[in-house]
Every structure is written in C-alpha cells, then in structure tokens.
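In the text below, chain A, chain B and the rest are named by the order of the sequence lines, each starting its count at 1.
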Protein chains: 2
Amino acid sequence: MEKKPDHCRVEDALGILVGKWKPVILLYLLQEGTKRFSELKRNMPGITQKMLTKQLRELEEEDIIERVVYPQVPPKVEYSMTEYGRSLEPILEAMHEWGTRHTEHKMKKQIQVKSSS
Amino acid sequence: MEKKPDHCRVEDALGILVGKWKPVILLYLLQEGTKRFSELKRNMPGITQKMLTKQLRELEEEDIIERVVYPQVPPKVEYSMTEYGRSLEPILEAMHEWGTRHTEHKMKKQIQVKSSS
DNA sequence: CGGAATCCACGCCGATACTG
DNA sequence: CAGTATCGGCGTGGATTCCG
C-alpha cells in the first residue's frame, strides 16, 4: 500500500480525541460498556454537566458513541460505544502505553537536570 | 499484563500531538529526515514563523525532535526527529489510517442525509 | 535566515442558575 | 435525572513588526 500523507488525516483522528474529557469518557465506556449520564458524571470528578453533555454530543455526532433516551420520568439516557467507535481502541491503547513510557522518560530527564545543577 | 488505566496516560501522548501544525511537522520530518527551518516553512503553506518556531520548541522540549544551530551568517538551523521521537511513528500512522477511513465514513453519512431530505 | 515581541480574535472550558 | 442558557477567564493561534 502506497503511503501518501500529502493530505494528513492524522488531524481527523486527533480532532475526535481532543477535548478535555473525551479520552476518559471513551476509555470508561470501552471498559464498562453501557452507562447512564449520571454514572459517567459520577465517575469523572470535576466535570460539569455542561461539559459532559457537550463532549458526549460531539462524540455522538461522529458516530463514536450511541445515545439512547428512555421516554420516562425521571429521564434515563444511556451511552455506549458504537461498533465503529471501538475501532479507536487500539489507538487509545497505543497512546496510553506511549504516554506511560513518556512519563518515565520525563522523570529521568528531571533527575539529570537536578544532578547537573 | 494488567490493564490499569485508572491514571489515563492517553492525555500525555495527546498533549504532544496537539497543536495545529505538529502532526504535519512530525510526518514531514519522519519522511524527509533532517530539514532546515526555511524548508519546513516552505513546505507548510499558511504557517507563520511564530507558530513554526513555537511548535518546534514545544516538540524539542519533549525530546521528540532535535534542534541543531550552526553558528554562521546567515544562520542555519536544522531539525530532525530524535530516536525517541520516532517511537511516535506507529501511533501517527495508525491515526492517519483511522482518519482516512473516518473521512470515508462521514461521506457515506452525508449521502444518507441528502437522500432522506 | 531564523527568530523574538506585541496585539488581538476566537473558541474552549468552568461556574452558576434554571427547566421538563 | 438529564439536560439548556448565560457570563466570563484564559490559552491558542494569526498578523504584523523589529532584530542579530
């Protein structure tokens, strides 16, 4: 297969993942399966309803997650990864691993800085 | 190997890649090897010197790229991926591929929207 | 040539209040 | 319970100017 990154599609993938809470949301839904709005909120200390709603809507818009509304009182809304959304999993795992190694890398660097001062 | 993404390192990796021109810069350096500042600038229509400098500095700070200054007039500065930086390549490629498929996915969706209106 | 410095528009995100 | 609406700070990125 030819490699022609003239048109860089990395940004398309990046655009989906970027958003302060998106990686956490995706990782959570991938692990836990279907979750209600309140469960998501409870699991992410510090997030506001507005932000959670916004990030979920954006992911839904890209067909990464699915939103199911149960017409009842009180309301119940469930979110889950779509089949298509799961195709992001390898990328997320790769980034998680790389990020872990990078954290170690930066710690080593810190030590070098200290010992040379 | 246990999976414990309690502490999500995805964001660490994401932080490196995020920046309007970083993916392009990285892909370019990965393909072309060492490049001068002016070559980078020429290859990225629309970028300003300020932004190019800033993105390069940030990548250098994370040890992803290396910056070599030749003390001469006129100045000459070369940039290249570090060995460490190359470890990002598989992730970038995965994102590029995913992004390509995602673009197709969105096009299909557009067609559906049109035909249902 | 490869910057640094300044000014500014815009969008992300947080805090808060209100609603069916 | 699961949102919507509004206000505002702050950071990112663009345009422009000056420098060794």
Side-chain angles (χ1 to χ4, degrees), chain A residues 8 10-29 32-62 64-81, chain B residues 8 10-29 32-62 64-81:
Chain A
C8 166
V10 173
E11 341 237 354
D12 298 71
L14 218 45
I16 308 268
L17 269 11
V18 170
K20 189 165 181 191
W21 303 91
K22 283 181 191 170
V24 211
I25 293 172
L26 294 175
L27 255 18
Y28 186 58
L29 287 178
E32 307 287 327
T34 303
K35 285 292 169 186
R36 296 186 58 167
F37 184 88
S38 50
E39 294 177 299
L40 287 164
K41 180 157 166 44
R42 201 172 322 121
N43 190 255
M44 301 168 200
I47 198 172
T48 61
Q49 275 145 341
K50 175 192 159 186
M51 278 315 295
L52 182 51
T53 302
K54 195 190 166 204
Q55 310 274 302
L56 289 169
R57 287 291 194 287
E58 291 176 9
L59 292 170
E60 187 196 359
E61 177 68 20
E62 303 287 352
I64 308 299
I65 65 176
E66 189 186 12
R67 176 172 181 262
V68 178
V69 182
Y70 295 85
Q72 62 184 47
V73 180
K76 176 179 170 184
V77 182
E78 286 186 341
Y79 294 89
S80 58
M81 296 294 289
Chain B
C8 165
V10 173
E11 340 238 354
D12 298 70
L14 218 44
I16 308 267
L17 269 11
V18 170
K20 190 164 181 193
W21 303 91
K22 283 181 191 171
V24 211
I25 292 172
L26 293 175
L27 256 19
Y28 186 59
L29 287 179
E32 307 288 326
T34 303
K35 284 293 168 185
R36 295 186 60 169
F37 185 87
S38 49
E39 293 177 298
L40 287 165
K41 181 157 166 41
R42 201 173 322 122
N43 190 257
M44 301 168 201
I47 198 172
T48 61
Q49 275 145 340
K50 175 194 160 187
M51 279 315 296
L52 182 52
T53 302
K54 195 190 166 203
Q55 310 274 303
L56 289 170
R57 287 290 194 288
E58 291 175 8
L59 292 170
E60 187 196 359
E61 178 68 20
E62 304 287 351
I64 308 299
I65 64 174
E66 190 186 12
R67 176 172 183 263
V68 178
V69 183
Y70 296 85
Q72 61 185 46
V73 180
K76 176 179 169 184
V77 181
E78 285 185 343
Y79 295 89
S80 58
M81 295 295 288

Does [X] make a side-chain N or O approach to OP1 or OP2 of [N] shorter than 4.0 Å?
| X | N | answer |
| --- | --- | --- |
| Q49(A) | dG14(C) | no |
| W21(B) | dG14(D) | yes |
| K20(A) | dG14(C) | yes |
| R67(A) | dA2(D) | no |
| T53(A) | dA2(D) | no |
| R36(A) | dA2(D) | yes |

Taking only the side-chain heavy atoms of [X] (C-beta and beyond), determine which of [options] contains the nearest atom.
| X | options | value |
| --- | --- | --- |
| P75(B) | dG3(C), dA2(D), dC1(C) | dC1(C) |
| P74(B) | dA2(D), dA4(C), dC1(C) | dC1(C) |
| M51(A) | dG13(D), dC13(C), dG3(D) | dC13(C) |

Exercise. Between the main-chain N or O of I47(B) and the side-chain N or O of K41(B), is there a donor-acceptor pair closer than 3.5 Å?
Worked result: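 A pair under 3.5 Å: yes.
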
Exercise. Rounded to the nearest 0.5 Å, how far does CD1 of I16(A) lie from CD of E11(A)?
Worked result: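 Spacing of CD (E11(A)) from CD1 (I16(A)) equals 13.0 Å.
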
Which part of the nucleic acid, if any, lies within reach of [X] when heavy atoms closer than 4.0 Å are counted: base, sugar-phosphate only, or nothing?
| X | value |
| --- | --- |
| E39(B) | nothing |
| G19(B) | sugar-phosphate |
| K50(A) | base |

